[in-house]
Protein chains: 2
Amino acid sequence: MDQDAFAPCCDVPQTHNDVLDRVGHDMPPEEQLYDLADLFKIFGDTTRIKILYVLFESELCVCDIAALLGMTQSAISHQLRILKQSKLVGNRREGKTIIYFLSDNHVRTILGQGMEHIIE
Amino acid sequence: MDQDAFAPCCDVPQTHNDVLDRVGHDMPPEEQLYDLADLFKIFGDTTRIKILYVLFESELCVCDIAALLGMTQSAISHQLRILKQSKLVGNRREGKTIIYFLSDNHVRTILGQGMEHIIE
DNA sequence: GATACATATGATCAATAGTTCATATGAAAG
DNA sequence: CTTTCATATGAACTATTGATCATATGTATC
């Protein structure tokens, strides 16, 4: 990053360049931040949250999830695709049906922390 | 919830109603799930993630954040508004400028867990 | 191998979100 | 009290997203 890129932009009584330099340096790389936002986007939809919550308690086939949430098989399938791409859920075939399950421990923590925040 | 609402929808070798009954019961109320999704939507944008990251290390005024991220003051201000509405950041006036800061401990945990997930 | 069942996928459409531009608010200095 | 500086806000435009509908894939059964 350019050393002198940050000129004082307002008359705050502290030295700006010091702070700005330091802050700018500890920033994770652009790509990681992008991936991180993408991950949280997944949690930012009620349907997907509900899916994660039901899988939380039991692995389930697609039609069961659809029945539980009162939604179309197609809608659920589309969302499961997204969840699987992000490695948040996994699946296995069992005869004609396909069983989905949570594949990651972080899911619980992330949802839990989110809940704590909104409960307050 | 209706006791007999869930008929078996596929020929999975387990009894569906048992599982579906149990899973349906431990679901948080609709409104909470909605709020939860709304909270995560906030983390689902690169700009807001970056803002949180810089505030992570130091409280800053609006124009400093804009300078750090190389973005318009207006864009930043709009996003700060959203972050403030969700109680993720707070602010205080200091002369002509307004200083923003992180107001919640969960922010660190949530971002941290997210990072852990994508690093793997 | 033809049919039925469970799931996946592609196209389409409505709704939502983020940036930009122009402008408004609000405190401080002269 | 007028001007200036820092920030906030509203409107408009584009891009993205989630549900629906129709259809494709793929496994099992006859």
Side-chain angles (χ1 to χ4, degrees), chain A residues 6-14 16 33-34 37-52 55 59-86 89-101, chain B residues 6-14 16 33-34 37-52 55 59-86 89-101:
Chain A
F6 307 120
C9 57
C10 60
D11 296 333
V12 171
Q14 9 167 302
H16 279 247
L33 294 175
Y34 200 83
D38 270 353
L39 175 66
F40 284 120
K41 264 180 205 146
I42 308 226
F43 292 92
D45 175 74
T46 317
T47 301
R48 286 190 291 265
I49 295 245
K50 287 182 188 169
I51 293 178
L52 293 174
L55 293 183
E59 49 177 37
L60 290 167
C61 66
V62 179
C63 63
D64 277 346
I65 301 175
L68 272 165
L69 306 195
M71 295 183 64
T72 324
Q73 172 267 322
S74 180
I76 300 298
S77 191
H78 276 295
Q79 299 308 330
L80 283 172
R81 186 168 184 270
I82 296 174
L83 289 170
K84 202 196 168 190
Q85 281 176 339
S86 322
V89 308
N91 63 13
R92 68 168 186 280
R93 182 173 276 278
E94 200 154 295
K96 272 181 294 189
T97 74
I98 295 188
I99 311 286
Y100 280 85
F101 48 87
Chain B
F6 307 120
C9 57
C10 59
D11 297 332
V12 171
Q14 5 165 306
H16 280 246
L33 294 175
Y34 201 83
D38 271 354
L39 174 66
F40 285 120
K41 263 180 206 147
I42 307 220
F43 292 93
D45 176 74
T46 317
T47 301
R48 287 191 291 265
I49 294 243
K50 287 182 187 169
I51 293 179
L52 293 174
L55 293 183
E59 51 177 36
L60 291 167
C61 66
V62 179
C63 62
D64 278 347
I65 301 175
L68 271 165
L69 307 195
M71 295 182 65
T72 323
Q73 171 268 323
S74 179
I76 300 298
S77 192
H78 277 295
Q79 299 308 330
L80 283 171
R81 187 168 184 271
I82 295 175
L83 289 170
K84 203 194 168 194
Q85 282 176 337
S86 322
V89 309
N91 63 12
R92 68 167 186 279
R93 182 173 277 279
E94 199 155 294
K96 273 181 292 189
T97 74
I98 295 189
I99 311 286
Y100 280 84
F101 47 87

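Throughout, protein chains are lettered first and strands after them, A, B, ... in sequence-line order, and every chain is numbered starting at 1.
- Side-chain to base pairing of B:Q73 with D:dA6: no donor and acceptor N or O lie closer than 3.5 Å to each other.
- What separates CD of A:Q79 from C1' of C:dT7 is a distance of 15 Å, to the nearest Å.
- In this structure, the nucleotide among C:dA8, C:dA27, D:dT7 sitting nearest to the side chain of A:N91 is C:dA8.
- With distances taken from any side-chain atom of A:K96 to the nucleotides D:dA28, C:dA8, C:dG18, the minimum falls on D:dA28.
- Here D:dG18 presents its P atom at 10 Å from CG of A:L83, a figure rounded to the nearest Å.
- Note: CD1 (B:I65) to P (C:dT19) measures 14 Å, nearest angstrom.
- The two atoms that bring A:L55 and A:Y100 nearest to each other are CD2-O, 3.5 Å, heavy atoms only.
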| said: As a quick check of understanding, evaluate side chain to side chain contact (heavy atoms under 4.5 Å, CB included) for A:L80 and A:I65, giving each step before the final call. | reply: CA-CA 10 Å; A:L80 283 172; A:I65 301 175; 4.3 Å; yes
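- Between B:I82 atom CD1 and C:dG18 atom P there is a gap of 6 Å when expressed in whole angstrom units.
- Remark: P of C:dT25 and CD1 of B:I98 are 15 Å apart, rounded to the nearest angstrom.
- For A:R93 and D:dT25, the CZ to P distance is 14 Å, given to the nearest whole Å.
- Between C:dT20, D:dG18, C:dA8, one nucleotide has an atom nearer to the side chain of B:H78 than all others, and that is C:dT20.
- Nearest nucleotide to the A:T97 side chain, out of C:dA6, D:dA8, C:dG18: C:dA6.
- In terms of polar N and O atoms assigned as donor or acceptor, the side chain of A:S74 comes within less than 3.5 Å of the base of D:dC21 in a complementary pairing.
- Picking from C:dT9, C:dA6, D:dA8 the nucleotide with the shortest atom distance to the side chain of B:V62 gives D:dA8.
- If you check every strand for non-hydrogen atoms under 4.0 Å, A:T72 touches sugar and phosphate atoms only.
- To the nearest angstrom, P of C:dT7 lies 13 Å from CZ of A:R92.
- What you find for A:F101 and A:E59 is that their closest heavy atoms are CB-CB, 3.8 Å.
- With contacts defined as side-chain heavy-atom distances shorter than 4.5 Å, the pair B:I76/B:Q73 does not qualify.
- Nucleotide D:dT16 holds its C1' atom 14 Å from the CD1 atom of A:I42, rounded to whole Å.
- The backbone N or O of A:A37 sits nowhere less than 3.5 Å from a side-chain atom of B:R48 that would complete a donor-acceptor pair.
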